[in-house]
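Atom set for the values below is all heavy atoms of this structure, side chains included, hydrogens, waters and symmetry mates excluded.
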Amino acid sequence: MEDKNSKNPTVTEESFADILFKYLYILIKYKWPAIITFLVSVPLVFIFLKYKEPAFTPMYKTTAKLRVLAEGTATTYSTSKDALETERAETMRNVKDVANLMKSTVVLEKAIAKAYNSRDKDWILSYAKQLGDNKSTSFVVDEELNYIYAIIVGSDFKQIVVLLNSIIDATREELLNSKKLAAEEAIESLENQLKKSQQELEQAKLQLTKFIVENKVLSEAIEVKDGKSQLVQDVDKLALNLVNLRSNIADREEFVKEIEKYRKTKGDVETLKLWLQKDKESVDGSLIESLFKQEALLSELLVVNKEEHPDVIKAEEKLGQIKAQMSHTLDASIESMKRENEILKLKEEKTTGLIKKGLSEAMIEYSHLHRNVKIKEKLLEKVIDSLQGLNLSAKLIDSGTFTVVEPPGIPKEPFNRYQKTKTTAQYLLFAFIFGISAGIGMAIAIDYFAMTIKDIHEVEEALDFPIIGEIPLYEEEHKKSISPLPLKTDPHSIISEAFRGLRTNIKFRSMDKTIRTLLVTSLIPEEGKSFVCANLACTFAQTDKKVLVIDCDLRKSTLYRYYGVENKTGMAQLLKGDKDAHPVDSGVPNLDVLIAGKHPHNPSELLGSDKFDELLEAFKQKYDLVIIDSPPLFAVTDSTILIKKVDAVILTIRAHITPKKAIRRAMRIGSDIKQKILGIAFNGLETKRGRYSSYYYYKYDYYGDKKKT
């Protein structure tokens with residue numbers, strides 16, 4: 001619509017001063033609700049802040065200090081740099097393993113069940129997850145001194161000590177169980193290997209004996225030994241070399257198989273550690289230390305940070321790179337050993353060829369079987385030694401891998417003692433600020449949710465029609481003891497001056513055309529259109545113009561009350577042809593009034609008839625100005641009929657009476673009606689509030705009127 005499009009630029013161009021004034025005006029208008037809200041909220045907020053204690057639970061903290069050693073390194077006499085580095089890496093690995101084990105679900109569930117003597121599995125599991133997520137526990141690792149600081153926080157200062165001791169005991173028990181299980185598996189494996197080695201040795205001896213008996217190699221070997229030549233001596237050396245080569249090849253092949261199998265079950269880290277124990281020269285052992293350091297760093301970061309923290313993510317990426325490098329190193333070392341084995345096999349073939357030149361086939365086979373027996377004997381001795389050492393270690397396994405340096409102590413006081421951080425003045429200041437904000441918010445909320453128009457601002461923002469009259473609230477109009485025509489009874493009052501201002505604006509708005517007929521209407525009933533019409537007619541009559549005011553509200557006429565005449569015969573009877581109906585003297589010079597008369601049953605038809613047009617033309621010939629009081633615009637269709645017959649229209653809107661929805665509906669009236677509307681007479685303005693008070697009281701003082709209106 002055109003009126004909306006023409007209105008938008010005005011709204012968007014509203015200055016900051018206008019917006020500020022608008023909200024100041026709202027605050028002044030609703031000052032009492034704002035003041036009451038302020039006075040109520042300030043003491044309530046102050047009492048709430050000062051005297052309501054926050055929910056506070058005293059929390060206690062206990063700490064245990066543990067020292068972790070590498071397995072088998074409780075005492076060491078090695079001064080080798082490599083040995084010290086290996087021991088250091090092994091110790092750090094154990095420190096991390098123990099720390100991770102202490103916060104594992106298995107250990108925590110055992111410790112909780114023992115500390116609280118509970119069998120509720122669901123509660124134990126839930127509490128174990130809470131402790132494992134570092135909500136009330138932490139295990140800080142000291143890399144330099146190989147210490148673990150186990151910390152537990154809780155509200156029961158005695159129970160947390162019991163719980164931490166239970167965690168330490170459960171950790172020690174789990175470590176011992178895992179070691180015993182590993183030792184039992186290793187012993188079982190070695191026993192199986194021992195049986196297999198014994199069987200292989202017996203078979204090798206049996207083959208050697210059988211070969212000696214069948215080929216009489218022993219006597220031949222003695223004869224050769226008595227008178228052997230230089231060539232035979234060289235062959236003996238080659239034979240010894242061949243045995244060593246075959247033993248070396250067998251050891252390497254066995255080692256490769258063991259490494260590959262161990263790698264599949266234990267992973268790269270444990271495989272690299274096993275390789276370093278057997279051969280420190282063929283692999284890079286520094287990766288182990290780098291891995292342990294990076295894992296220790298990641299554990300420290302996880303104690304104070306979440307998994308999404310950038311430092312944690314960066315440390316995990318670094319740890320992944322080290323593991324990838326370790327995997328690559330193992331792959332390369334295994335391939336290198338396989339290639340060395342191939343080279344040794346070539347040497348074996350070459351040595352075998354040289355031996356064949358100086359020794360008979362029987363002697364070569366004898367030498368091979370004899371050496372095979374010796375190898376089996378040595379392997380058996382190694383298995384026996386390993387089994388004896390493992391049995392001895394299993395007996396000493398109860399020594400553990402960590403010691404409690406400082407046991408957990410009972411805390412004497414909570415570490416989170418509550419302290420008030422605010423003073424009384426600060427509480428009062430906050431309550432004062434909150435009260436002001438609440439008061440302002442209350443005023444704005446009341447204004448926003450109000451159902452009726454309160455002031456001129458709302459009309460100006462909603463409609464395109466100009467405000468041409470601002471009529472102050474005239475409470476006496478409903479009192480029978482006082483005349484409702486202040487222009488007649490009190491011409492120097494504020495409201496009289498307001499009507500004269502309305503008259504002046506009408507003349508100014510109609511400078512480009514002559515207005516002989518003027519209609520006064522409203523949007524809904526009770527907006528004071530008849531009051532405005534009656535007094536506006538008086539103002540035009542005071543300019544020495546011959547004025548006629550007609551009451552065309554044939555359904556609910558009230559104009560006769562303003563002039564003190566009886567409502568017997570009037571416009572309704574005149575339209576029906578009653579010659580006795582005619583305008584009467586209003587008591588105001590130059591002003592006649594034609595009342596509505598008795599209410600007809602067909603007012604719309606009468607007002608739309610040709611008879612009404614003839615009467616209106618006749619009145620225009622006799623009077624200088626004809627002012628018509630019509631029914632409300634949205635109540636009946638009478639006003640729409642009358643608007644088409646007059647020169648101009650004045651629309652009356654009253655504060656606190658006119659609904660906002662009526663204003664929104666007025667924005668949709670037809671263009672033919674809009675063209676006739678000169679402007680809006682805003683009725684019921686409270687002169688003691690807002691920007692208009694100073695203007696009217698200035699007029700009030702100017703005329704010297706001391707009577708309150």
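Heavy-atom minimum distance, Ile160 versus Lys61: CD1-N, 4.0 Å. Contact between Ile168 and Ala64 at its shortest, heavy atoms only, is CD1-CB, 3.8 Å. Looking at every heavy atom in both residues, Gly435 comes nearest to Ser41 through CA-OG, 3.2 Å. The two atoms that bring Leu27 and Ala443 nearest to each other are CD1-CB, 4.0 Å, heavy atoms only. Nearest heavy atoms, Pro33 versus Met442: O-CG, 4.1 Å. For the pair Ala431 and Phe46, the tightest heavy-atom approach, listed with the atom from each and the gap, is CB-N, 3.7 Å.
Note on residues 153-169: pairs passing salt bridge (Lys or Arg N to Asp or Glu O under 4.0 Å), not counting sequence neighbours, are Lys114-Asp169.
If you take CZ on Phe434 and CG on Leu429, they are separated by 14.0 Å, rounding to the nearest 0.5 Å. Expressed to the nearest 0.5 Å, how far CZ of Phe48 lies from CZ of Phe430 amounts to 9.5 Å. Rounding to the nearest 0.5 Å places CZ of Arg172 at 13.0 Å from CG of Asn177. Distance check, rounded to the nearest 0.5 Å: CD1 of Ile433 to CG of Leu428 gives 10.0 Å. Distance check: Leu164 CG to Thr63 OG1 gives 8.0 Å after rounding to the nearest 0.5 Å. To the nearest 0.5 Å, atoms CD1 (Ile167) and CE (Met102) are separated by 6.5 Å.
More than 12 heavy atoms of other shown residues, nucleotides or ligands fall within 6.0 angstrom of atom NE2 in His309.
Contact annotation: the side chain of Val161 approaches that of Pro411 to within less than 4.5 Å [non-hydrogen atoms, C-beta and beyond]. For the pair Asn165 and Pro408, the minimum side-chain heavy-atom distance is below 4.5 Å.
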For a side chain to side chain contact (heavy atoms under 4.5 Å, CB included) check, start with the C-alpha distance between Leu66 and Tyr147, then their side-chain angles and the critical distance, and finish with the verdict.
CA-CA 5 Å; Leu66 289 73; Tyr147 287 141; over 6 Å; no
Please evaluate residues Glu109 and Lys121 with respect to the criterion salt bridge (charged side-chain N to carboxylate O under 4.0 Å, His left out), reporting the C-alpha separation (whole Å), side-chain torsions for both, the decisive distance (0.1 Å), and the verdict.
CA-CA 9 Å; Glu109 286 181 1; Lys121 295 183 178 180; over 6 Å; no
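With sequence neighbours left out, Ile436 forms a side chain to side chain contact (heavy atoms under 4.5 Å, CB included) with Phe38, Phe432, Ile440.
Formation of a donor-acceptor pair under 3.5 Å by the Ser327 side chain with backbone atoms of Ala324 is not found in this model. Checked by atom type and distance alone, the side chain of Gln325 never pairs as donor or acceptor with a backbone atom of Gly320 at under 3.5 Å. A donor-acceptor pair under 3.5 Å links the side-chain atoms of Thr62 to the main chain of Gly409, judged by distance alone.
The cationic group of Lys65 does not satisfy the cation-pi geometry with Tyr149, failing either the under 6.0 Å distance to the six-membered ring centre or the 45° limit from the ring axis.
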